[in-house]
Amino acid sequence: MNFVKRAGMSLGARKSKTAALLAIFVVLCTLLLGGFLLQAAAARQEADAQRVIGVDVTVRQKGLTPALADELGASDVVNRYNPRLPVRAAARGLAPLTSDAPQPGGEAGEPDQAPFAVNGVRDAGLLLPFSYGSTKITAGRGIGPEDADRDIALIERRLADRNHLAVGDIVRVLSADGAHPMPLKVVGIFQDPTQDPSSWTPPHELPGNTLYVPMATAQQLGTGTGTGTVGEAVYRIGSPDRAERLHAEAERVLGESGFDFRVNDKAYQDQVRPIQQVGVFAGLIVQVIALAGALILGLIVTLQIRERRTELGVLLAMGERKWKLIGQHAVEVAAVALPAVAVAALAGQLAGQSAGDALLGPQDDTPSAQHGAPDPGAVAGPTVRVEPGTVVRVAGIGLGISLVSTVVPGIGILRLHPRSILTDSE
């Protein structure tokens with residue numbers, strides 16, 4: 001009789017033991033699948049965190065120009081970047097805020113000819129006050145790379161209230177020398193939590209008189225010639241290990257000395273490291289389960305071989321080859337493993353997402369949103385998906401366990417002799 005057919009008959013005749021073996025395999029395959037799903041979910045969440053949170057590198061240098069900042073931002077390790085170009089602007093039909101406290105000396109001095117502190121930006125979402133959520137956009141949107149050629153502005157709420165401005169209105173300002181008038185469309189209104197100073201403060205130092213505009217607009221307001229010096233530039237990279245590559249690129253672009261290079265990876269460490277630890281833990285789970293499964297099933301098969309010594313002796317006496325007896329046991333275990341994989345896949349589909357949420361957990365929203373607005377769900381919770389490739393991996397490991405757990409104990413079959421077995425059973 002064919003040993004495969006004989007394996008099927010044996011499974012049918014030993015229903016209770018087959019059911020017990022199936023239950024063990026279901027547990028093993030479910031745990032293996034859970035480990036793989038957790039690994040995959042952690043890897044996806046880590047990639048999302050690196051993209052959204054990343055590591056901020058602040059570069060400062062005397063004489064840093066927008067062109068140099070852009071050249072460094074073109075590096076392949078940089079995901080986003082934002083140079084900040086501070087300039088002054090005069091009012092034209094736009095009433096600036098003034099300090100309520102009396103000016104020192106008891107007499108009012110000459111009015112500030114450039115009462116607005118204007119910051120040229122490329123990506124407002126990388127400005128530290130917006131990135132860490134202390135300053136929030138309350139209406140409209142921020143400024144992004146696609147706004148490079150637009151004459152737009154992001155203004156503070158107090159200035160908007162004083163001039164009765166809303167998103168979509170036009171404000172008019174002048175360059176500091178009064179020679180270059182420029183109309184700006186308000187695309188967003190932000191709220192700075194900084195309180196107005198209690199003592200007299202020049203208008204351009206009041207938080208309400210701060211405006212953010214695209215870089216080209218700030219260059220025109222600053223000198224009218226399209227040049228200027230960047231106060232600082234912030235570069236967002238995927239992980240701390242890329243900072244060395246960016247530093248080497250900064251040395252090439254800016255020179256080997258004379259610039260300040262600061263890495264801020266606190267947000268990355270707070271949110272990405274725990275995700276990586278979960279991924280490592282999931283990998284250890286898979287290895288431990290595979291090893292333990294092989295040991296447990298190997299023990300079970302060894303006990304079954306001892307129980308079936310008489311059956312093996314009869315088959316050997318009838319001329320059955322020993323390797324076919326080992327093959328029969330391997331087929332029996334493999335035939336139980338395959339339906340166990342299907343049950344495990346169904347269980348993973350039903351309970352995988354809740355398990356992923358429990359272990360990885362939805363991450364806190366990170367307000368380092370693109371264009372300066374809070375990003376609801378910047379680092380989303382883990383997405384657990386049972387993919388065909390994962391099921392194939394579990395099936396492969398399951399079959400490998402079944403093969404190891406039958407072949408290794410099956411070595412004892414090679415040493416069996418029909419006469420001694422039948423004599424012992426009499």
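Count residues from 1 along the sequence.
- Each of His247, Arg252, Arg245 was checked for a side-chain hydrogen bond (donor to acceptor under 3.5 Å, both in side chains) with Glu249, and the lone residue meeting it is Arg252.
- The closest donor-acceptor contact from the side chain of Glu156 to the backbone of Asp192 lies under 3.5 Å.
- Looking only at side-chain heavy atoms (C-beta outward), Asn209 and Leu159 come within less than 4.5 Å of each other.
- Residues Arg60 and Arg262 have side chains in contact (heavy-atom distance under 4.5 Å, counting atoms from C-beta outward).
- Taking a cutoff of 4.0 Å between a charged side-chain nitrogen and a carboxylate oxygen, Arg158 and Asp196 qualify as a salt bridge.
- Under the side chain to side chain contact (heavy atoms under 4.5 Å, CB included) criterion, Asn79 pairs with Arg242, sequence neighbours left out.
- Pairs engaging residues 275-285 under the side chain to side chain donor-acceptor pair (under 3.5 Å) rule: Glu46-Gln276, Arg273-Gln276 [sequence neighbours left out].
- In this structure, the side chain of Thr30 engages the main chain of Val26 through a donor-acceptor pair within 3.5 Å.
- A side-chain hydrogen bond (donor to acceptor under 3.5 Å, both in side chains) with Tyr81 is found for one member of Asp56, Asp70, Asp123 and no other, namely Asp70.
- One N or O on the side chain of Thr201 and one on the backbone of Ser199 form a donor-acceptor pair closer than 3.5 Å.
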Trace of the side-chain contact (heavy atoms from CB on, under 4.5 Å) decision for Val234 with Arg236: CA-CA 7 Å; Val234 177; Arg236 178 156 294 170; 5.9 Å; no
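- With hydrogens and angles disregarded, a donor-acceptor distance shorter than 3.5 Å links the side chain of Asp147 to the backbone of Gly144.
- Residue Val173 forms a side-chain contact (heavy atoms from CB on, under 4.5 Å) with just one option from Val118, Leu94, Val213, Thr217, and that option is Leu94.
- A donor-acceptor pair is defined here as one N or O able to donate and one able to accept, closer than 3.5 Å; such a pair exists between the side chain of Asn163 and the backbone of Ala95.
- Here the two rings, on Phe261 and Tyr235, have centers that are 6.0 Å apart or farther.
- Under 3.5 Å, the side chains of Asn119 and Arg84 contain a donor-acceptor pair of N or O atoms.
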